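One structure below.
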Amino acid sequence: MEETREALVQKLLDIYSKEGNYETSVPGVWVHRSERNKVPKPHIYQPMMIFILSGTKLIKFGSAEKIFSPLDYFLTVLTAPVTSGIVGVTSEEPYLALSIDLEAEVITSIAYEMGLKPQSAEPAKAASCVPMSVEMQGALVRLCNTMNNPEEARILGPILKREIFYRVLTGPLGYSVIRFNSLRTSEYQIARAVDWIKINFKEPLAIDDLAKKVFMGRSTFHRKFKEVMTVSPLRFQKELRLQEAHRLMLLKNLSVTQASYEVGFEDPKFFTREYKDYFGCRLEKI
């Protein structure tokens, strides 16, 4: 297994020789290379898999904090609030990871073909981590081998991604993915609530109304949402707003007041305090 990893790392380092985040020729597949440690900061992760190939990454989801090493992979089934950073890397031994966007329709199709149904009563989390299996690592190698050939990437890329999704479903996190994509599970209901908040995060959030939208009682909804996401619905909405405001100020040069109103805050001073608490820095230092 170690020989396979080393060959894969060397192949990617040769192709992606500089630090950066690279969208590959296979849609939805990214390569991430960093030669610097990065202080842990809050992020909103979209549904995806992150395969750690070299170096280490610190990820905190809720109260659980872990250092992820080579041959681990991190799965976010829903849009999830995390704190992450890169530790212990140098230019000689850089951090290298591969990420793949989750494709709910493809995963649901595979689960249907396999006849998979939610079996485990174990609560599922929006984000989890497990070691890579030998089969998963082999699939990654085959996927990476298509990246320099546009035709292979176009024809074989989707097939190889499908194999990787299959490996997820048949692995230790398969039960979690199945529960979030199966009707009549509480995880499916929470997933719909998360999607609704993502789309409407700028609007006032009425918990009673949202609970009704997903056919849950208020107290059950609030408890289950926090169990899955590790934060309350209102906290999740606030983090989405802060991340979007941060993006608007950096990329579109909006003022603090403009950005705060744009994402739904009514008081720029309150926004400034929340921003400092969340990102750990004053606005003038972004």
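All residue numbers in this chain count up from 1 along the given sequence. All values reported here derive from a predicted model rather than from experimental measurement.
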For residues 201-222, which side-chain donor-acceptor pairs fall under 3.5 Å, sequence neighbours excluded?
residue: Lys202; atom: NZ; partner: Glu262; partner atom: OE2; Å: 3.3
residue: Asp208; atom: OD1; partner: Arg218; partner atom: NH1; Å: 2.9

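The two residues Cys129 and Leu173 come nearest to each other via the heavy atoms N-CD1, 4.4 Å. In plain terms, the two heavy atoms of Pro172 and Val130 that are nearest each other are CG-CG1, 3.8 Å. Nearest heavy-atom pair across Val263 and Ala245 is CG1-N, 3.6 Å. Smallest separation of non-hydrogen atoms from Ser84 and Ile59: CB-CG1, 4.0 Å. When every heavy atom of Phe180 is checked against every heavy atom of Ala124, the shortest pair comes out as CE1-CB, 3.7 Å. For Val89 against Thr56, the heavy-atom pair with the smallest separation is CG1-N, 4.3 Å.
Under the 3.5 Å distance criterion, with hydrogens and angles disregarded, no donor-acceptor pair is assigned to the side chains of Ser260 and Tyr275. In this model, a donor atom of one side chain and an acceptor atom of the other lie less than 3.5 Å apart for Gln243 and Tyr278. Lys226 and Ser232 form no side-chain donor-acceptor contact under 3.5 Å, judged by distance and modelled atom types alone.
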Next item on the list: Run the numbers on Thr83 and Phe61 for side-chain contact (heavy atoms from CB on, under 4.5 Å), then give the verdict.
Entry: CA-CA 7 Å; Thr83 297; Phe61 178 61; over 6 Å; no

Checklist line | Lys41 vs His43, side-chain contact (heavy atoms from CB on, under 4.5 Å): CA-CA, chis, key distance, verdict | finding: CA-CA 6 Å; Lys41 292 183 178 180; His43 299 276; 4.1 Å; yes

Checklist line | Check against side-chain hydrogen bond (donor to acceptor under 3.5 Å, both in side chains), Ser255 and Gln258 | finding: CA-CA 5 Å; Ser255 68; Gln258 288 172 324; 3.3 Å; yes

Item checked: Test side-chain contact (heavy atoms from CB on, under 4.5 Å) applied to Leu71 and Ile52, step by step -> CA-CA 6 Å; Leu71 301 181; Ile52 310 299; over 6 Å; no

Note to self: For a side-chain contact (heavy atoms from CB on, under 4.5 Å) check, start with the C-alpha distance between Leu102 and Val168, then their side-chain angles and the critical distance, and finish with the verdict.
What the structure shows: CA-CA 11 Å; Leu102 282 190; Val168 172; 5.9 Å; no

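Sequence neighbours left out, the pairs with a member in residues 96-106 that pass side-chain hydrogen bond (donor to acceptor under 3.5 Å, both in side chains) are His32-Ser99, Glu103-Lys161. Each ring pair (Phe, Tyr, Trp, His ring centres under 6.0 Å) pair with one or both residues in residues 66-106, not counting sequence neighbours, appears once here: Phe51-Tyr73, Phe68-Phe74.
Between the Ser17 side chain and the Asp14 main chain, no donor and acceptor come within less than 3.5 Å of each other. Of the possible donor and acceptor atoms, one in the side chain of Ser25 sits under 3.5 Å from a partner among the backbone N and O of Met147. Formation of a donor-acceptor pair under 3.5 Å by the Thr76 side chain with backbone atoms of Thr79 is not found in this model. Side-chain atoms of Thr24 come within 3.5 Å of backbone atoms of Val29 as a donor-acceptor pair (strictly under, hydrogens ignored). Using a distance-only test at 3.5 Å, with no hydrogens or angles considered, no donor-acceptor pair links the side chain of Glu274 to the main chain of Phe271. In this structure a side-chain-to-backbone donor-acceptor pair under 3.5 Å is present from Asp72 to Ser69.
Partners of Glu35 according to the salt bridge (charged side-chain N to carboxylate O under 4.0 Å, His left out) rule, which considers only residues two or more places apart in sequence or in another chain, are Arg33. The side-chain contact (heavy atoms from CB on, under 4.5 Å) test applied to Ile159 returns Leu156, not counting sequence neighbours. Residues satisfying the salt bridge (charged side-chain N to carboxylate O under 4.0 Å, His left out) test with Lys125, not counting sequence neighbours, are none.
Salt-bridge formation is detected for the pair Asp195/Arg192: a Lys NZ or Arg NE/NH1/NH2 atom is positioned less than 4.0 Å from an Asp or Glu carboxylate oxygen. Electrostatic pairing of Lys224 and Glu227 counts as a salt bridge here, judged by a charged N lying under 4.0 Å from a carboxylate O.
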